[in-house]
Amino acid sequence: MKKTICLALAAFAPALAQGQETTLKLVSAFGETTTYVKHMTPWIQKFNTEGKGVAQINFIGGPKAIPTFEVGTSVKNGVVEMAMSTGAFYTNLMPEADFLKLTQVPVAEQRKNGAFDYINKVWSQKANMVYLARMVDETPFHLYLTKKIDKPDLSGLKIRITPVYRDFFASMGASLIQTPPGEVFTALERGVVDGYGWPIQGIFDLNWHEKTKFRVDPGFYNAEVSIVMNQDAWKKLSPRQQDFVKKQALALEAMNGVWKKLNGEETKRQAQVGIQTIKFDQAYVDKAYEVAWASATKQSPEHAPQMRKLFSK
Ligand code: 173
């Protein structure tokens with residue numbers, strides 16, 4: 001009798017798995033009112049509408065749910081199945097996380113030239129993650145200041161950083177203070193910092209424009225924000241669910257066209273609120289890359305040279 005039940009169940013199980021809907025908890029390393037969450041929200045809605053009976057995302061919130069610099073560990077350990085984050089927030093897992101800022105080819109190209117597969121190999125081995133989709137691309141970082149400078153020399157200035165900017169700003173003599181985005185406004189308000197690094201977009205989200213007097217041009221690197229997933233949770237998905245998630249990942253990347261337009265608008269808006277630009281030459285940008293790749297190669301002699309080849313123009 002027992003055996004019959006077992007056999008019947010075994011026969012039924014695949015059908016059950018096929019028809020089952022799974023719910024994936026997703027956390028954001030950026031605050032809930034920010035540009036990046038606003039960009040992701042319609043995507044989650046589409047995912048959940050199309051994913052009925054297959055997979056659903058349960059967005060559990062931003063850094064109030066899990067602090068910014070703990071998001072990577074939470075994905076690695078499976079506390080959440082998915083996260084929207086930049087690699088700079090999880091360098092505690094692997095130095096390579098921060099190398100994604102050095103990509104000079106867009107993610108569609110990375111999927112063709114082997115870069116995307118390479119990233120996934122490293123993310124799988126070192127962080128127990130699947131790198132699903134890059135949702136911010138073709139967006140430079142800038143240095144924003146409350147004080148004027150007339151050459152690329154930051155000595156005597158305290159600058160808010162994340163790993164993205166550490167080596168470059170240090171090479172210009174800055175004193176460095178690392179904070180998550182959620183602490184930038186207070187640091188500016190209290191005069192704890194004289195400036196900060198951030199992409200061209202998003203400085204209005206948390207009112208930093210009120211405290212910002214200058215933006216240094218040109219921008220440098222390529223801001224990366226991506227969706228990553230816990231690898232065990234990924235392996236538990238049925239082939240149908242995996243295909244669905246992959247399809248949605250591509251749909252999210254297909255939305256990256258908006259950034260160019262938004263970046264233009266944000267540049268104008270910064271000028272409109274009186275943020276002045278300080279202009280340096282191409283040597284400033286070249287140095288940013290030079291310093292970052294030197295540091296990357298030191299931190300990861302195994303992967304940095306190959307990533308450099310795959311990421312560069
Ligand atoms: O917090 C940051 O300045 C940072 O590292 C980052 C990275 C990508 C997008 C936005 C911010």
Side-chain angles (χ1 to χ4, degrees), residues 27-40 62-63 66-72 83-104 106-107 119 131 133-145 154 158-170 174 176-188 192-209 211-212 215-216 219-228 252-253 255-256 258-260 262-263 266-267 270 288 291-292 295-296 311:
V27 69
S28 164
F30 296 93
E32 285 154 34
T33 61
T34 61
T35 301
Y36 302 139
V37 173
K38 280 186 199 140
H39 182 79
M40 180 182 67
I66 295 176
T68 299
F69 288 104
E70 291 168 30
V71 162
M84 184 256 273
S85 182
T86 181
F89 297 156
Y90 55 91
T91 54
N92 59 315
L93 302 182
M94 51 178 176
E96 292 84 359
D98 186 41
F99 303 174
L100 301 179
K101 71 186 179 197
L102 298 170
T103 52
Q104 293 174 313
V107 65
I119 294 165
Y131 182 73
R134 177 158 179 160
M135 59 161 252
V136 178
D137 206 354
E138 299 184 276
T139 294
F141 290 101
H142 288 263
L143 167 62
Y144 297 88
L145 294 167
L154 301 176
K158 296 172 294 220
I159 309 291
R160 174 269 173 185
I161 57 139
T162 65
V164 166
Y165 326 93
R166 182 179 291 132
D167 299 301
F168 183 38
F169 293 174
L176 309 175
I177 297 164
Q178 174 159 306
T179 82
E183 286 168 26
V184 174
F185 186 84
T186 311
L188 285 165
V192 174
V193 296
D194 307 305
Y196 57 93
W198 194 259
I200 189 66
Q201 78 236 160
I203 74 158
F204 296 92
D205 290 350
L206 303 169
N207 296 322
W208 304 343
H209 65 286
K211 308 283 168 197
T212 306
R215 184 188 71 243
V216 175
F220 53 90
Y221 308 150
N222 183 5
E224 170 269 330
V225 178
S226 301
I227 306 285
V228 288
L252 180 60
E253 289 182 358
M255 290 161 61
N256 284 350
V258 303
W259 298 121
K260 212 171 163 190
L262 182 80
N263 295 347
E266 293 267 304
T267 308
Q270 289 182 17
V291 169
S295 168
F311 290 0

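In each ligand, atom 1 is the first atom listed, and ligand 1 is the first ligand listed.
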- Item | Distance-minimising heavy-atom pair for Asp98 and Ala88 | OD1-CB, 3.7 Å
- Item | Atoms of ligand 1, numbered as shown, that sit under 4.0 Å from any heavy atom of Val164 | 5 (O)
- For ligand 1, the portion of Phe30 having any non-hydrogen atom under 4.0 Å away: side chain
- Task: Verify whether one side chain among Tyr196 and Thr179 offers a donor that lies under 3.5 Å from an acceptor in the other.
- Result: no
- Query: With a cut-off of 4.0 Å, which atoms of ligand 1 are near a heavy atom of Val225?
  - Reply: 9 (C)
- Query: Closest approach of Lys158 and Val192, non-hydrogen atoms and distance?
  - Reply: CE-O, 3.3 Å
- Which residue and heavy atom of the protein sit nearest atom 10 (C) of ligand 1, plus the separation: Pro199 CG, 3.4 Å
- Message: Ring-plane angle category for Phe30 and Phe89, please: parallel below 30°, perpendicular beyond 60°, tilted otherwise.
- Response: tilted
- Query: Taking only heavy atoms of Tyr165, which atoms of ligand 1 are found under 4.0 Å from at least one of them?
  - Reply: 2 (C), 3 (O), 4 (C)
- Message: Check for me whether Arg160 has a heavy atom closer than 4.0 Å to any atom of ligand 1.
- Response: yes
- Message: Quick test: of every protein heavy atom, which one is nearest to atom 5 (O) of ligand 1, and how far off is it to 0.1 Å?
- Response: Thr162 OG1, 2.8 Å
- N/O to N/O below 3.5 Å, does that happen between Glu224 and ligand 1? no
- Side chains of Thr35 and Glu266: does their closest heavy-atom pair fall under 4.5 Å? no
- Is the closest heavy atom of Phe141 to ligand 1 under 4.0 Å? yes
- Message: Run Arg215 and Ile203 through side chain to side chain contact (heavy atoms under 4.5 Å, CB included) and show every step you take.
- Response: CA-CA 11 Å; Arg215 184 188 71 243; Ile203 74 158; over 6 Å; no
- Tell me which protein heavy atom sits closest to atom 11 (C) of ligand 1, plus the residue, atom name and distance to 0.1 Å. Trp198 CZ3, 3.5 Å
- Task: Run the numbers for me: atoms of ligand 1, each under 4.0 Å from some heavy atom of Gly197, listed by number.
- Result: 3 (O)
- Please work out which of the three classes, parallel, tilted or perpendicular, describes the rings of Trp208 and Trp198, given edges at 30° and 60°. perpendicular
- Item | NZ (Lys260) with more than 12 external heavy atoms under 6.0 Å | no
